[in-house]
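Data first, discussion second: the structure below is written as structure tokens.
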Number of protein chains: 2
Amino acid sequence: MRPLFHPAIEDIRPDAILYALSDPERAAIFAWLAGAGCGRTCSALADLGERTIPKSSLSNHFKVLRESGLIRSERQGVEMRNETRCAELDERFPGLIRAILTAYGQLPPEMKD
Amino acid sequence: MRPLFHPAIEDIRPDAILYALSDPERAAIFAWLAGAGCGRTCSALADLGERTIPKSSLSNHFKVLRESGLIRSERQGVEMRNETRCAELDERFPGLIRAILTAYGQLPPEMKD
DNA sequence: TCCGTAGTTCAGAAATTCGGAACTGTTGAT
DNA sequence: ATCAACAGTTCCGAATTTCTGAACTACGGA
């Protein structure tokens, strides 16, 4: 398995973020991660929405989120822990993530500070 | 020519907006419109960036912006006047447009109020 | 070692995007 | 009225991207 790629904060591009979150399924995954205190695994959301997302698609969604800089993934034993990079992102792109989650009606309670 | 379609403000979807603006070329066009007091035409920016955009692509960019609800277009004689729907959009999705333009480093001076 | 689980990679089908060429609709000139 | 020029749209084939089932890899436990 190839090592996971995470862009440095300064290499994160706004177009990549918008693209990643322009898919409602990915946006829902991201919102769900943002609402989780601790890192969450991939398989935990096989059916976050109405349909069951195939696992190869799920894996790809996580890859897109990771490589756009939205999340950080780390292998832990047999599974993968994922967490958002919200704090870093908000410094680099002030207000962006919050406005997007709000637009989707998915701003998690923790972020309403 | 088919009549131009503009979604009602309540039908505008956040995923469509993010998708439309996830293309840097489209985002640049939108920012340029947002920075214009009056409506602007399509041909006026044949070479907004470094490369010359083919006119069929340009036409398509405007269509994507229009149908996602970001701009309003109106035929005026032989040309087309385009203007952003920023005010409406900001009511529906507070802070979104501004955060996106800021992320791209293209927030026009008029919007820095 | 062998099995089960979590997730990745591969590959072909389907869908989307891109852009040149032809077309439409409007204005102004002859 | 006819013609030409112009702004923009539509069409359509090529290239690219997305989707997902199937095969595969990696790790942990028995």
Side-chain angles (χ1 to χ4, degrees), chain A residues 1-6 13 15-16 18-30 32-33 36 38-68 70-83, chain B residues 1-6 13 15-16 18-30 32-33 36 38-68 70-83:
Chain A
M1 201 182 320
R2 302 197 187 86
L4 303 177
F5 172 70
H6 293 91
R13 300 181 50 193
D15 58 325
L18 298 192
Y19 174 73
L21 296 179
S22 71
D23 179 322
E25 215 158 62
R26 266 193 306 263
I29 293 171
F30 180 77
W32 174 78
L33 286 176
C38 54
R40 285 194 168 166
T41 71
C42 181
S43 62
L45 49 57
D47 44 12
L48 183 61
E50 34 284 344
R51 75 174 186 125
T52 297
I53 308 174
K55 64 178 187 166
S56 59
S57 303
L58 212 40
S59 177
N60 188 57
H61 282 329
F62 276 89
K63 182 182 179 194
V64 172
L65 290 171
R66 182 165 57 241
E67 302 198 339
S68 69
L70 283 161
I71 67 171
R72 203 179 285 286
S73 311
E74 191 185 353
R75 177 150 222 162
Q76 217 157 69
V78 72
E79 55 190 25
M80 199 75 112
R81 295 270 139 195
N82 296 286
E83 57 184 22
Chain B
M1 203 182 322
R2 303 196 186 88
L4 303 178
F5 173 70
H6 294 91
R13 300 180 49 191
D15 59 325
L18 298 192
Y19 174 74
L21 296 179
S22 72
D23 179 321
E25 215 157 61
R26 263 192 308 260
I29 292 172
F30 180 77
W32 175 77
L33 286 177
C38 53
R40 285 193 168 167
T41 71
C42 182
S43 64
L45 48 56
D47 45 12
L48 183 60
E50 33 285 342
R51 77 176 184 124
T52 297
I53 308 174
K55 65 178 186 163
S56 59
S57 303
L58 212 41
S59 176
N60 189 57
H61 283 328
F62 276 91
K63 182 183 178 191
V64 172
L65 291 171
R66 183 166 55 240
E67 301 197 339
S68 69
L70 283 161
I71 67 172
R72 204 180 284 285
S73 312
E74 189 185 354
R75 178 150 221 166
Q76 217 157 68
V78 73
E79 54 191 23
M80 200 76 110
R81 294 271 139 194
N82 296 284
E83 57 184 21

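Convention: sequence-line order gives letters A, B, ...; per-chain numbering from 1. Predicted model only: the values in this text are computed from it and were never measured.
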* To do: Provide, to the nearest angstrom, the distance between the CG atom belonging to B/Leu4 and the C1' atom belonging to D/dA7.
  => 13 Å

N/O contacts under 3.5 Å, protein versus nucleotides 15-18 of chain D?
unit_1	atom_1	unit_2	atom_2	d
D/dT18	OP1	A/Tyr19	OH	2.1

* To do: At under 4.0 Å between heavy atoms, which parts of nucleotides 20-30 of chain C does protein reach? Answer with one letter per nucleotide, 5' to 3': B base, S sugar-phosphate only, - none.
  => BB--SBBS---

* B/Ser59 side chain: which of C/dT9, D/dT9, D/dT20 is closest? -> D/dT9

* B/Ser73: what forms a side-chain hydrogen bond (donor to acceptor under 3.5 Å, both in side chains) with it, not counting sequence neighbours? -> B/Arg66, B/Asn82

* **Taking every non-hydrogen atom, the tightest pair across B/Phe30 and B/Leu70** => CE1-O, 3.4 Å

* Minimal non-hydrogen separation, B/Leu18 against A/Leu21, with atom names -> CD1-O, 3.4 Å

* Return the value, rounded to whole Å, for the distance between atom CG of B/Leu58 and atom P of D/dC6. => 17 Å

* Could you give the distance from NE2 (A/His6) to CD1 (A/Ile71), rounded to the nearest 0.5 Å? -> 7.0 Å

* Could you give the distance from NZ (A/Lys63) to NE2 (A/His61), rounded to the nearest 0.5 Å? -> 13.5 Å

* Atom-pair distance (CG on A/Asn82; P on C/dT8), nearest Å -> 8 Å

* To do: In whole angstrom, give the distance that lies between atom CZ of B/Phe62 and atom P of D/dT9.
  => 9 Å

* Asked: Which nucleotide in the set C/dC18, C/dG7, D/dG8 lies at the smallest distance from any side-chain heavy atom of B/Asp23?
  -> C/dC18

* A/His61 has an atom NE2; how far is it from atom C1' of C/dT8, in whole Å? -> 15 Å

* Structure fact -> Between CG of A/Leu65 and P of C/dG7 the distance, given in whole Å, is 14 Å

